[in-house]
Amino acid sequence: MYDIKKIHQANSVQDVLRIIEENPNTKIISGGTDVLIKMKERKLKDVEIVSIGDISELKGISIDGNGTIIIKAATCFIDIITNADILRHIPTLAKACNQIGSPQIRNIATIGGNLCNGAVSADVVPILLVLDAELHINNVNGEVRIIDVNDLHTGPGQTSLDDGKEILTEIHIKKVNYQGYGFDYFKYGKRNAMEIATLGCATGVKLNEEKNKIADFKISYSVAAPTPRRCRSLERLIIGEDVSQDTINLIKPENIEELKPRDSWRASKDFRLQLIKEIGRRTAIEAIRSQGGM
Amino acid sequence: MGIGKNLIRVDALSKVKGSTKYTEDLVPSNALVAKILHSTIANGYVKDIDISEALKIEGVMKIVTCFEVPETDFSTAGHPYALDPSHADIKDRKLLNKRVRHYGDDVAVVVAIDSIAAQKAIEAIKVTYQELVPRVNIYESIEIEQPIHENFPDDVMSRMDFYIESDGIAKFEKHELLDELSSKHRIDGNLPDTHKPMAKYEYILPIVQHAHIENIVCFSYMDGNRIVVVSATQVPHVVRRIVSEALGISIGEVQVIKPYIGGGFGNKQDIIYEPLAAYLSKLMGGKCISIILSREETFINSRTRHGMKITTMMNTIEGSMRMENRAADIVSDQGAYATHGHAIAANAITNYFQLYSGTGLQLGSSTSIFSNLPSAAAMRGYGIPQICFAMESQMDDYAREYGFDPIEFRLANLLNVGAVEPCNDIAINSNGLVECIEKGKQLIDWDNKKKEYEQFNKDSKDLKKGVGIAVFAYKTGVYPITVETSSCRIILNQDGSLQVQVGAIEIGQGSDTAFAQIASEILSIPEGKINIVSCQDTDITPFDPGAYASRQTYIGGGAVKKAAILLKEKILAKAATKLALDVSGLDLIDEYIVNIESGGKLEALRDVILYSMYSLNNTEHLTAEATYTGLSNAFAYGACFADICVDVPLGKIKIYKIYSIHDSGTIINPQLAKAQVHGGVAMGVGYAIGEEMLFDQTTGKPLNNNFLDYKIPTSMDIPDIEVAFIETYEPSGPFGNKALGEPPIIAPAPAIRNAVLFATGVSINSLPLNPEKLVSAFKKAKLLNE
Ligand SMILES: Cc1cc2nc3c(=O)[nH]c(=O)nc-3n(C[C@H](O)[C@H](O)[C@H](O)COP(=O)(O)OP(=O)(O)OC[C@H]3O[C@@H](n4cnc5c(N)ncnc54)[C@H](O)[C@@H]3O)c2cc1C
């Protein structure tokens with residue numbers, strides 16, 4: 001039994017925005033795989049909800065004339081994992097989505113929910129960060145605000161979305177950000193399924209034509225700081241370097257200002273530091289190899 | 001079909017179709033919901049409970065606090081009644097407790113029309129506590145402010161000492177050398193007259209949980225003056241006795257019904273909330289009251305597997321692999337309440353002397369200490385997974401130190417057929433362990449794989465491969481420590497089909513299927529015509545203490561066999577009357593009365609039944625009921641082999657394959673037996689690499705009482721498992737069979753641990769072998785550079 005006071009019906013994005021505006025305590029529910037857990041834990045009580053799970057204008061994946069890949073917010077992971085365009089252009093996004101929860105979860109949970117929930121461990125985030133994805137956010141006045149996904153997370157479980165007034169509608173991934181790049185994502189968890197990342201790392205690499213220099217390098221981590229984030233200081237160190245083990249070895253906590261791994265009963269700081277180094281290096285090597293380097 | 005055939009489970013169809021009804025499916029729609037308020041301190045007293053706000057919440061019918069319940073103490077252990085008062089279980093629980101003994105102890109209960117109203121009321125109750133410093137880590141000696149139970153001033157619930165000299169018989173008293181051991185809970189120094197120095201090891205086992213999918217659940221209502229309790233329990237007849245004791249009513253006034261069970265693994269051998277449900281129903285005029293625990297509650301408010309610290313010492317005779325002196329000491333974390341008492345630590349310590357022997361002096365001691373953590377009780381293996389981890393890790397550690405081959409070392413020290421083990425005087429009449437080891441070696445290709453991996457590990461820095469072995473011995477049932485009894489009733493129907501009622505409990509292990517095969521074997525009636533009544537109802541089901549100790553097919557099977565033989569005798573006698581022949585010349589084969597001498601069919605079974613039931617002047621309904629008293633015990637054996645690869649920088653173990661080889665005597669149903677092994681190995685893998693209940697070390701608050709943070713393996717984490725059986729014939733089993741329910745969980749953890757040792761050269765002396773622990777150990781061993 002869930003403690004739900006009222007369920008509102010909505011058929012369009014505009015409906016949803018009107019409902020949350022008029023009913024201040026109304027929670028958007030997409031796949032519900034985070035919202036219902038919060039209700040069970042009594043972190044959400046006595047709530048009104050409005051579901052976006054059946055709104056067709058929020059579902060689907062397409063490529064526009066410029067090669068921008070557009071994923072609608074309420075698209076379920078299973079549809080991302082099996083989408084031909086995603087598999088062709090950014091298979092690592094499919095790989096990341098395929099590691100979420102279990103088949104049951106992937107059949108119902110959505111990419112928008114993963115972003116808007118704001119979890120520091122969200123599996124779809126690290127790869128979207130290195131893809132420099134753009135988020136389209138609508139409000140009740142019909143305005144669309146576009147933000148860099150790197151500006152979404154503001155703290156643990158917190159985002160820059162104005163909860164009572166805004167809805168995430170689309171995720172855009174531009175061609176310049178995926179074409180010519182190799183990517184990898186490493187989710188480190190204790191189990192091979194039904195697991196929340198102890199630490200996650202995504203890398204994106206572009207090589208020069210000779211495949212011996214790093215033309216561009218992007219790296220992000222989850223669960224290594226209060227928000228998932230890119231490590232620009234490390235990126236700067238690596239861009240322009242030779243493709244070599246020495247360059248890979250630059251990936252170590254000492255070279256990463258942005259991260260602040262925590263000590264907790266789930267994992268000690270020492271262990272997280274070891275993981276930062278190890279999975280950072282492994283994903284970098286994998287991304288380089290996918291581009292024909294090393 | 002009968003014995004040895006792959007009969008499909010008798011409950012397969014209803015389980016696959018989803019039509020099986022479990023306890024929660026049966027809760028009447030108008031049942032009231034009882035929710036328990038759990039303490040938010042681990043140690044102390046409830047001083048005051050303010051329920052005024054909670055009572056105002058709509059839908060709340062009643063709130064009962066720890067200040068209002070009867071003062072009667074009861075034990076929650078699902079043990080048979082002990083005639084000897086000194087063997088009785090410790091009664092230390094009330095329906096609700098003013099004296100709080102662990103975080104989450106039960107202090108009040110709300111009854112409401114639905115779970116939300118009940119939950120809201122729980123949140124509105126204000127409790128004032130007087131807090132004491134909780135005892136969270138029993139291995140650290142602390143000054144005891146106030147004992148957890150006033151009858152146990154130093155928090156020591158129980159202690160058992162014994163020693164075995166060259167006569168091989170345990171004397172249950174303290175050996176003079178044990179004094180030192182007891183004071184420090186550890187063994188120090190050398191024993192006199194030893195040839196080689198004693199090597200000493202220490203192993204730590206975590207607290208884990210059964211993690212059965214069906215949570216703890218029961219409901220109760222009154223039918224006239226009688227109390228009916230429906231519960232997911234492994235021990236319905238014991239539930240009936242405990243409810244009657246807790247409520248102070250007669251046993252006959254209580255009816256306990258056990259529907260299908262969604263897993264128990266020993267946890268449902270305790271009687272936890274049935275008395276409370278019954279009490280509330282009585283209090284509320286017989287209304288139906290349901291108590292359905294959440295997963296979070298099941299972790300904390302049911303039972304756990306004992307955490308233990310096990311210290312061992314041993315040496316071998318100079319120039320040989322034969323063990324000389326051996327000693328083991330167990331300190332067992334009992335948690336808040338006594339439940340099964342010292343039985344589990346005692347079972348564990350004695351096992352150390354039942355698999356291997358030494359030629360010299362052997363010392364055993366075990367101590368159970370109360371702590372302010374959830375109560376530990378029965379869980380698959382009853383203490384043996386813990387001692388086996390210590391014993392088998394020690395075998396490999398010692399073998400490594402002295403350059404022995406770990407398998408040869410084991411073979412040199414086994415207690416074999418013809419021996420009587422020292423602690424319970426159980427004569428070993430069947431032991432296929434040597435063959436199990438041989439079979440496993442061959443399946444895993446032990447010798448070649450060892451060479452191959454040694455070579456691989458020389459060149460590989462980050463990945464290290466290994467193979468490991470562990471073996472075990474496990475008792476079947478509880479004789480001679482406790483009574484072994486079971487009953488069965490068989491009713492022959494008009495058409496030659498059967499209804500078989502058993503007191504023994506199907507909890508998923510497949511006992512009902514085995515019982516159908518046993519009845520079929522004796523009565524020649526095919527299993528398709530045998531209807532096992534799976535639901536136990538104490539009003540109609542014959543007696544059996546319950547599902548535990550891997551006893552169902554050994555003891556319950558004995559009851560079915562006895563009843564079936566009795567029924568067969570009645571059938572033949574009736575046939576003899578009808579045919580006017582001498583009964584000694586008749587047999588029952590393929591549902592026909594047959595002339596033994598000629599082999600000729602004389603009469604269809606069905607005609608005999610019709611004659612018996614409907615003859616105008618003389619009717620008899622052919623039924624048989626028998627009680628079987630078990631007067632024996634037998635060790636099941638097995639060897640487990642693990643083939644693994646360690647990712648050193650990530651501390652991850654990839655298990656390629658587990659080989660689980662068992663001597664469980666005659667295998668009644670090979671397919672089902674294999675499935676049982678698969679499940680046990682999967683659970684063993686969880687114990688090995690992931691599972692551990694964690695508590696805040698200062699407050700005793702549980703940290704990971706949910707399936708996200710408590711890491712049971714998923715199907716993606718379970719390796720390939722290969723199962724083989726070495727079929728010995730155990731003369732005391734109804735068909736040569738012995739334990740198989742629990743054994744498969746025992747050896748995987750030490751086998752995996754020993755494979756990690758082979759792969760990396762690092763001895764990990766505690767479970768689970770989780771990545772963080774491994775990485776830290778690898779760093780210490782300099783396998784990882786900075
Ligand atoms: C068993 C289990 C396993 C899981 N495993 C993983 C895992 O491996 N990796 C992982 O990252 N996560 C995991 N999760 C968490 C969860 O499944 C994901 O975060 C999922 O992506 C959430 O999507 P949803 O559609 O279910 O979100 P919901 O629960 O519906 O919503 C989540 C939050 O986002 C808001 N929201 C949703 N859509 C929008 C929108 N379009 N605009 C504005 N706000 C919106 C909601 O209001 C809510 O606050 C798991 C959860 C469960 C229950």
Side-chain angles (χ1 to χ4, degrees), chain A residues 1-5 33-34 37 39-47 98-105 119 121 186-199 201 249 251-254 261 263-283 285, chain B residues 33 35 59 112-120 122-123 292 294-296 462 647-655 685-686 689-692 694-697 701-704 706-719 768-776 778-779 784-786:
Chain A
M1 242 181 147
Y2 287 97
D3 192 3
I4 299 171
K5 204 159 68 186
T33 58
D34 281 316
I37 302 294
M39 284 185 200
K40 181 176 176 257
E41 290 171 345
R42 305 283 296 157
K43 287 176 189 155
L44 269 180
K45 304 178 196 181
D46 215 17
V47 279
N98 208 12
Q99 292 182 52
I100 291 175
S102 61
Q104 295 92 324
I105 294 293
S121 58
F186 197 117
K187 171 182 185 172
Y188 188 92
K190 289 182 183 155
R191 284 193 294 219
N192 296 325
M194 296 296 274
E195 187 60 294
I196 298 299
T198 308
L199 208 103
C201 175
N249 289 350
I251 303 176
K252 54 180 170 188
E254 297 87 314
D263 244 327
S264 85
W265 60 266
R266 287 200 174 88
S268 69
K269 184 175 168 185
D270 265 3
F271 183 55
R272 288 188 211 265
L273 289 172
Q274 164 74 9
L275 292 178
I276 287 171
K277 178 178 81 176
E278 195 60 34
I279 70 175
R281 291 178 185 182
R282 288 188 192 194
T283 46
I285 291 172
Chain B
V33 173
K35 266 199 184 296
I113 55 164
D114 62 36
S115 61
I116 305 256
Q119 182 59 39
K120 286 181 175 165
I122 291 280
E123 288 164 12
I292 304 172
S294 66
R295 177 61 56 189
E296 288 76 2
D462 286 355
D647 184 331
V648 174
L650 294 182
K652 276 218 163 181
I653 301 171
K654 161 101 190 136
I655 305 170
V685 166
I689 64 173
E691 297 182 36
E692 176 175 28
L694 298 169
F695 300 90
D696 185 293
Q697 291 301 298
K701 185 179 177 181
L703 297 173
N704 64 339
N706 58 68
F707 275 163
L708 170 59
D709 292 310
Y710 182 87
K711 307 287 181 188
I712 59 170
T714 69
S715 61
M716 305 291 284
D717 302 288
I718 300 298
L769 305 165
N770 63 28
E772 181 156 359
K773 185 184 290 172
L774 294 189
V775 163
S776 134
F778 295 155
K779 273 190 181 158
L784 278 172
N785 29 16
E786 286 313 304

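In what follows, chains are A, B, ... by sequence order, proteins preceding strands, each numbered from 1.
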Notebook entry, point to check: Going by an N to O cut-off under 4.0 Å, is there a salt bridge joining B:Lys120 and A:Asp3?
Noted result: yes

Item checked: Close side-chain approach of A:Phe271 and B:Asn770, heavy atoms under 4.5 Å -> no

Next item on the list: Answer whether the closest heavy-atom distance between the side chains of A:Ile196 and B:Asp709 falls below 4.5 Å.
Entry: no

Check: Based on non-hydrogen pairs under 4.5 Å, which of A:Glu195, A:Arg282, A:Met194, A:Lys190 is most in contact with chain B?
Finding: A:Arg282

Note to self: Using heavy-atom distances under 4.5 Å, tell me whether B:Ile689 contacts chain A through its side chain, its backbone, both, or neither.
What the structure shows: neither

Check: Does a sphere of radius 6.0 Å around NZ in B:Lys701 hold more than 12 heavy atoms from other residues, nucleotides or ligands, not counting ones at 6.0 Å or beyond?
Finding: no

Next item on the list: Identify which part of A:Lys252 has an atom lying under 4.5 Å from any heavy atom of chain B, answering side chain, backbone, both or neither.
Entry: neither

Next item on the list: Pick one of side chain, backbone, both or neither for B:Leu650, based on which atoms fall under 4.5 Å of a heavy atom in chain A.
Entry: both

Note to self: Can you give me the closest heavy-atom contact between A:Gln274 and B:Pro649, atom names plus distance?
What the structure shows: NE2-O, 2.8 Å

Margin query: Would you say that A:Lys40 contacts B:Glu296 through its side chain, given a criterion of any heavy-atom pair below 4.5 Å between the two side chains?
Written below: yes

Checklist line | Proximal component of A:Tyr2, with respect to chain B [non-hydrogen, under 4.5 Å] | finding: backbone

Checklist line | Top of A:Glu278, A:Lys45, A:Arg272, A:Arg191 for chain B proximity - count of heavy-atom pairs under 4.5 angstrom | finding: A:Arg191

Note to self: Please classify the contact between B:Asn706 and chain A as side chain, backbone, both or neither, with a heavy-atom cut-off of under 4.5 Å.
What the structure shows: neither

Note to self: To the closest 0.5 Å, what do you measure between CD (B:Glu123) and CZ (A:Arg42)?
What the structure shows: 4.0 Å

Notebook entry, point to check: Under a 4.5 Å cut-off applied to non-hydrogen side-chain atoms, are A:Arg266 and B:Leu703 in contact?
Noted result: no

Margin query: Measuring only between side-chain heavy atoms, which start at C-beta, is A:Thr198 closer than 4.5 Å to B:Glu772?
Written below: no

Item checked: Within-4.5 Å side-chain heavy-atom neighbours: B:Val33 and A:Met1 -> no

Check: Can you find a heavy atom in the side chain of B:Lys652 that is under 4.5 Å from one in the side chain of A:Asn192?
Finding: yes

